[in-house]
Amino acid sequence: MAEPKAEKAPKTKNSAKPDFATLGGIVLALGGIIGGLLMEGGRIKDVAQVTSALIVLGGTIGAVMITTPLSVLIRAAKQLGTVFFSKTESVAAKVEEIIDFATQARKNGIVSLESRAAAVHDPFLKKALELAVDGIEPDKIRDIMECEIAVFEQNAEAESKVFEAAGGYAPTIGIIGAVMGLIQVMQHLADIEEVGRGIAVAFVATIYGVASANLFFLPAAAKLKARSHEVVRVRELMLEGILAIAEGINQKLIKIKLDAYLEKNRGPQKAKKSKAPAGKPAAAEA
């Protein structure tokens, strides 16, 4: 008699969506700066200097390239999209998927998950599940997968430091651009009007350097770190779930354990208190 086919685990949602916090932050920051400039009687063209932007961005990128290994630089460039787009991953769906695995393992044995492990899309979850199906001891599974998490964290840290380095170099490169502008001004000291205009233009490079560092490079580094922390949290959830399956723990206990990760994502919530009707005392607790 043919065995009934196991039901497929629910697919986890994993789609890239615009990060409105990043986009809104950039718009708000630039809007505040430009708005303040216009309110003070300034003009946008006063700070729109292509040469200053070229000096700051070119010098900053060049300095970062000198200090960063090419492989890390390429990885960091690929991660730039995650600053503007968040690859949302439903933690609740991950929990449901793991509980589904645990239910099947309790009914038919952990070996019955072999065919389903091959269909898992998440590489981390797939590897952990395959190790469990192969009968590897839970302690060894933990060592292997925690090592993988540690390597991911190291790579993510290196990628975020690329943007931190850019945030450190940009203001200094801006000062270099300002000094270069002042050198040109000194050649026209006989013309007072030209000197005043030249000094104003010279300091635009400083604005570009400080603004790019504090409005993009350093915030981007912090955003990448936050993204990596989210990934690590989800991977820790998956690892704990697979280890519990390998140890043969009841799926209800696994659900209780993994629900703690859902609480972390929800954040603290105020407990709802029941209000007694007006004029009537609240019922005493049993």
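The model shown is predicted, which means the values in this text are computed figures rather than measured ones.
With sequence neighbours left out, the side chain to side chain contact (heavy atoms under 4.5 Å, CB included) criterion links I176 to I173, M180.
A 4.5 Å side-chain heavy-atom check between F163 and L218 finds every atom pair outside the cut-off. Residues I110 and F101 form no side-chain contact, since every pair of their non-hydrogen atoms from C-beta on lies 4.5 Å or further apart. Under the 4.5 Å side-chain criterion, counting only non-hydrogen atoms from C-beta, R75 is not in contact with K78. In this structure, the side chains of Q104 and R116 come closer than 4.5 Å at one or more pairs of heavy atoms. Two residues are said to be in side-chain contact when any heavy atoms from C-beta on lie closer than 4.5 Å; F124 and M238 meet this criterion. Side-chain contact between D19 and F84 is absent, with no heavy atoms from C-beta onward closer than 4.5 Å. Two residues are said to be in side-chain contact when any heavy atoms from C-beta on lie closer than 4.5 Å; K223 and S160 fail this criterion.
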Original post:
Yes or no on side chain to side chain contact (heavy atoms under 4.5 Å, CB included) for V231 and I149, after CA distance, side-chain angles and deciding distance?
Top reply: CA-CA 9 Å; V231 173; I149 292 175; over 6 Å; no

**OP:** Show your reasoning for whether side chain to side chain contact (heavy atoms under 4.5 Å, CB included) applies to V56 and S212.
**Re:** CA-CA 9 Å; V56 172; S212 62; 4.1 Å; yes

Original post:
After noting the C-alpha distance and the side-chain angles of V91 and R233, does the key distance pass the side chain to side chain contact (heavy atoms under 4.5 Å, CB included) rule?
Top reply: CA-CA 9 Å; V91 180; R233 191 157 48 241; over 6 Å; no

**OP:** For side chain to side chain contact (heavy atoms under 4.5 Å, CB included), just list the numbers for I55 and Y208, CA-CA rounded to whole Å, side-chain angles, deciding distance to a tenth of an Å, and then say yes or no.
**Re:** CA-CA 9 Å; I55 291 170; Y208 281 12; over 6 Å; no

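Not one N or O on the side chain of D100 forms a donor-acceptor pair closer than 3.5 Å with the backbone of E96.
Applying salt bridge (charged side-chain N to carboxylate O under 4.0 Å, His left out) to K225 and the options E230, E159, E164 leaves one that passes, E164.
The distance from atom CD1 of I141 to atom CD of E130, rounded to the nearest 0.5 Å, is 11.5 Å.
In the hydrophobic clustering, where aliphatic and aromatic side chains (Ile, Leu, Val, Met, Phe, Trp, Tyr) are joined below 4.5 Å either directly or transitively, I175 groups with V179, I183.
Within 6.0 Å of CD in E137 there are 12 or fewer heavy atoms belonging to other residues, nucleotides or ligands.
With respect to K126 and D122, no salt bridge is recorded, no charged nitrogen being found less than 4.0 Å from a carboxylate O. Using a 4.0 Å cut-off between a side-chain N of Lys or Arg and a carboxylate O of Asp or Glu, K127 and E148 qualify as a salt bridge.
What you find for R227 and T82 is that their closest heavy atoms are NE-O, 2.9 Å. Closest non-hydrogen pair, K45 versus Q49, comes out as O-NE2, 3.8 Å. The shortest heavy-atom contact between I242 and A132 is CG2-CB, 3.9 Å. The two residues A213 and A170 have their closest heavy-atom pair at CB-CB, 4.1 Å.
Residues I26 and V47 do not share a hydrophobic cluster, clusters being chains of Ile/Leu/Val/Met/Phe/Trp/Tyr side chains in contact below 4.5 Å.
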